[in-house]
Amino acid sequence: MKAEMIRLLREKKDYISGQELCDRFQVSRTAIWKIINQLKDEGYVIESKQNRGYRLVESPDIMEAYELESRMCTKWAGRKVFFKKETGSTNIDCKLLAGQGAPHGALAVAERQVSGRGRRGRGWESPAGESIYMSILCRPDFPPDRAPMLTLVMGISVAQAVEKYTGLPAKIKWPNDVVVNGKKICGILTEMEMGLETKEIQYLVIGVGINVNNEAFPEELQDKATSLFLESERGGQKIYRAPLVRHVMEAFEKNYGLFLRTLDMSLLRDVYNACLVNRDAPVKVLDPKGEYTGIARQIDDAGDLLVETEDGEVKKVYSGEVSVRGLYGYA
Ligand code: ATP
């Protein structure tokens with residue numbers, strides 16, 4: 001009800017009478033008054049005027065489920081949000097939710113992760129209150145070998161959402177990083193749970209960390225990490241996170257639909273390649289079987305990166321075990 005009330009107040013833009021809210025939610029005036037006061041305590045600026053009712057002037061930059069749900073216009077992505085102030089990792093929360101029967105599209109969100117994770121057991125720096133840490137649950141019925149492509153689908157979605165919301169030129173460093181001005185603003189970690197006997201996907205969890213309002217990073221990340229705040233010239237103004245989550249969910253729902261039509265990247269490939277940060281540029285492929293350099297060309301329909309080596313051979317780089325670096329820096 002809280003989410004619906006915030007949505008209504010936000011959509012109305014003008015005053016909405018206490019009576020209208022009572023009728024809409026089938027509760028007493030006192031109940032409405034109590035919720036309005038709760039919202040004010042949580043940082044919502046709501047004007048109350050006699051004979052006119054309530055008007056929402058400003059929402060706080062919070063990631064609570066009611067704030068996020070009040071903004072969602074999707075059919076399934078992010079419609080149901082589960083929020084924690086602090087957690088180990090939202091991917092782990094999302095897996096637990098999956099086990100409890102949470103629906104396709106459920107979103108686990110936290111203000112802070114104490115053990116945020118990246119690929120291959122790496123860490124994800126996750127300070128409180130500045131960034132977005134979220135994991136979406138997907139319950140697909142396609143074969144498991146298609147699953148890694150969803151990292152790319154999410155990558156495009158984040159890049160599109162960032163560009164739409166902030167105007168910053170968001171690019172993708174294959175396969176799972178979104179970068180702005182050559183530095184990483186987002187990492188994506190997709191994990192899959194398989195049925196023991198069926199060998200089918202039980203569910204997938206796609207974790208997304210976006211650096212939004214960070215003003216600084218630990219020394220070891222300074223040359224590769226940045227935040228939307230640091231990259232945008234907003235006169236020191238912070239960026240509201242909830243609307244960005246909404247944009248990501250909208251883009252992901254749309255792109256997921258396109259992916260489902262072919263179960264590969266063919267309908268998303270051009271958009272992805274247009275976002276590829278080191279397209280036609282020299283890269284170093286950190287393959288555990290041996291590093292090599294070449295020119296990154298594009299991804300193919302399977303989402304593999306095609307890298308042309310010096311002798312003209314085009315090598316397919318599969319995601320998973322491999323990182324790609326610019327020859328002269330991170331991207
Ligand atoms: P790489 O970024 O080195 O190519 P990767 O894509 O496999 O590797 P991820 O799984 O996306 O890495 O993310 C983990 C890595 O990202 C960490 O090893 C660390 O270097 C870096 N990192 C950790 N926290 C952040 C953050 N908040 N912002 C940007 N980069 C981070």
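Owing to the predicted nature of the structure, the values given are computational and were not obtained by experimental measurement. Residue numbers run from 1 in the order of the sequence given.
- Using modelled atom types and a 3.5 Å distance limit, the side chains of Ser266 and Asp264 yield a donor-acceptor pair.
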Could you please spell out the steps behind the side chain to side chain contact (heavy atoms under 4.5 Å, CB included) verdict for Leu9 and Arg55?
CA-CA 6 Å; Leu9 285 164; Arg55 187 169 78 94; over 6 Å; no
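- Note that CH2 of Trp124 and CZ of Arg122 are 11.5 Å apart. Values are rounded to the nearest 0.5 Å.
- With 3.5 Å as the limit, one finds a donor-acceptor pair spanning the side chains of Thr151 and Thr190.
- Met192 contributes atom CE, which lies 10.0 Å from atom CG of Leu150 (distance to the nearest 0.5 angstrom).
- Taking each heavy atom of Tyr330 and Gly182 in turn, the nearest pair found is CD2-O, 3.7 Å.
- A chain of hydrophobic side-chain contacts below 4.5 Å, direct or via other Ile, Leu, Val, Met, Phe, Trp or Tyr residues, connects Met154 to Leu260.
- You'll find the side chain of Thr166 stays beyond 4.5 Å of the side chain of Ser232, heavy atoms only.
- Summarising the geometry of Ser59 relative to Tyr240, their closest heavy-atom pair is O-CE2, 3.0 Å, with the distance given to 0.1 Å.
- Contact of the Val283 side chain with the Ile295 side chain is not registered, since no non-hydrogen atoms from C-beta on lie closer than 4.5 Å.
- With hydrogens and angles left out, the side-chain atoms of Lys34 and Ser28 include no donor and acceptor closer than 3.5 Å.
- The environment of CD in Glu310 is sparse: at most 12 heavy-atom neighbours from other residues, nucleotides or ligands sit within 6.0 Å.
- Here the side chains of Ile185 and Val162 are in contact, with some heavy-atom distance below 4.5 Å.
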Going through the distances and angles, do Val307 and Thr293 end up as a side chain to side chain contact (heavy atoms under 4.5 Å, CB included)?
CA-CA 8 Å; Val307 174; Thr293 54; over 6 Å; no
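- Put simply, CZ on Arg297 and CG on Leu305 are 11.0 Å apart, with the number rounded to the nearest 0.5 Å.
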Check step by step if side chain to side chain donor-acceptor pair (under 3.5 Å) holds for Arg79 and Thr74.
CA-CA 7 Å; Arg79 289 304 299 210; Thr74 46; 4.7 Å; no
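- Residues Asp93 and Ala108 approach most closely at CB-CB, 4.0 Å, considering heavy atoms.
- A salt bridge links Glu69 with Lys80: the distance from a Lys NZ or Arg NE/NH1/NH2 to an Asp or Glu carboxylate oxygen falls below 4.0 Å.
- Contact of the Pro169 side chain with the Asn181 side chain is registered, since non-hydrogen atoms from C-beta on lie closer than 4.5 Å.
- Between Tyr66 and Phe83, the gap from one ring centroid to the other reaches at least 6.0 Å.
- Neither side chain, Glu130 nor Asn211, offers a donor N or O lying under 3.5 Å from an acceptor on the other.
- A heavy-atom distance below 4.5 Å is found between the side chains of Ile206 and Cys138.
- Two residues are said to be in side-chain contact when any heavy atoms from C-beta on lie closer than 4.5 Å; Leu276 and Trp174 meet this criterion.
- Both Phe252 and Ile210 are part of a single hydrophobic cluster, where members link through side-chain heavy atoms under 4.5 Å apart.
- Between Leu306 and Lys316, the closest side-chain pair of non-hydrogen atoms falls below 4.5 Å.
- Using a 4.0 Å cut-off between charged side-chain N and carboxylate O, Glu20 and Arg24 make no salt bridge.
- When all heavy atoms of Gln113 and Ser126 are compared, the pair lying nearest together is NE2-OG, 3.1 Å.
- Using modelled atom types, no side-chain atom of Asn214 and backbone atom of Ala216 make a donor-acceptor pair closer than 3.5 Å.
- A donor-acceptor contact shorter than 3.5 Å is absent between the side chain of Tyr133 and the backbone of Thr87.
- Atom CE in Met5 sits 9.0 Å away from atom CD in Gln38 (nearest 0.5 Å).
- In this structure, Arg325 contributes its side chain and Lys284 its backbone to no donor-acceptor pair below 3.5 Å.
- For the 3.5 Å distance criterion, the side chains of Glu47 and Tyr15 qualify, holding a donor opposite an acceptor.
- Electrostatic pairing of Arg52 and Asp14 counts as a salt bridge here, judged by a charged N lying under 4.0 Å from a carboxylate O.
- Remark: the Gln202 side chain and the Arg139 side chain contain no N/O donor-acceptor pair separated by less than 3.5 Å.
- The closest donor-acceptor contact from the side chain of Arg146 to the backbone of Leu263 lies under 3.5 Å.
- Of all heavy-atom pairs between Met265 and Ala302, the closest is CG-C, 4.5 Å.
- Salt-bridge check for Asp61 with Lys238: failed, with every basic side-chain N at 4.0 Å or more from each acidic carboxylate O.
- More than 12 heavy atoms of other shown residues, nucleotides or ligands fall within 6.0 angstrom of atom CD in Glu220.
- Cluster annotation: Val179 is not connected to Leu286 through the hydrophobic network of ILVMFWY side chains, with a link wherever side-chain heavy atoms come within less than 4.5 Å.
- Taken from CG in Leu107 to CE in Met63, the straight-line distance is 8.0 Å, to the nearest 0.5 Å.
- At distances below 3.5 Å, not a single donor-acceptor pair connects side-chain atoms of Asp177 with backbone N or O atoms of Lys173.
- Under a 3.5 Å cut-off, the side chain of Lys183 and the backbone N or O of Gln222 do form a donor-acceptor pair.
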Could you give me the CA-CA distance, side-chain angles and deciding distance for Ile156 and Ile172, then say whether side chain to side chain contact (heavy atoms under 4.5 Å, CB included) is met?
CA-CA 7 Å; Ile156 304 175; Ile172 303 173; 4.1 Å; yes
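- A distance of 10.5 Å separates OG1 in Thr90 from CG in Leu97, rounded to the nearest 0.5 Å.
- If you chain together hydrophobic residues whose side chains sit under 4.5 Å apart, Ile92 and Met134 never meet in one group.
- Between the side chain of Lys199 and the backbone N or O of Leu196 there is at least one donor-acceptor pair closer than 3.5 Å.
- Within the 3.5 Å criterion, the main-chain N or O of Ala3 finds no donor-acceptor partner in the side chain of Ser70.
- A distance below 6.0 Å separates the ring centres of Tyr256 and His104.
- Residues Leu168 and Val245 fall within the same hydrophobic cluster, defined by Ile, Leu, Val, Met, Phe, Trp and Tyr side chains chained together at heavy-atom separations under 4.5 Å.
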Side chain to side chain contact (heavy atoms under 4.5 Å, CB included) between Leu8 and Phe25, intermediate numbers included
CA-CA 11 Å; Leu8 200 66; Phe25 296 107; 4.1 Å; yes
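- Within the 3.5 Å criterion, the main-chain N or O of Gln298 finds no donor-acceptor partner in the side chain of Asn273.
- Side-chain contact annotation: Tyr165 with Gln160, donor-acceptor N/O pair under 3.5 Å absent.
- Nearest heavy-atom pair across Ala170 and Val180 is CA-CG2, 4.1 Å.
- By the 4.0 Å N-to-carboxylate-O rule, Arg246 lies close enough to Glu250 to be salt-bridged with it.
- Pairs engaging residues 94-114 under the salt bridge (Lys or Arg N to Asp or Glu O under 4.0 Å) rule: Glu86-Arg112, Lys95-Glu191, Glu111-Arg241 [sequence neighbours left out].
- Side-chain contact check for Asn176 versus Arg119: some heavy-atom pair is nearer than 4.5 Å.
- Judged by distance alone, the side chain of Arg269 and the main-chain N or O of Ile299 form a donor-acceptor pair under 3.5 Å.
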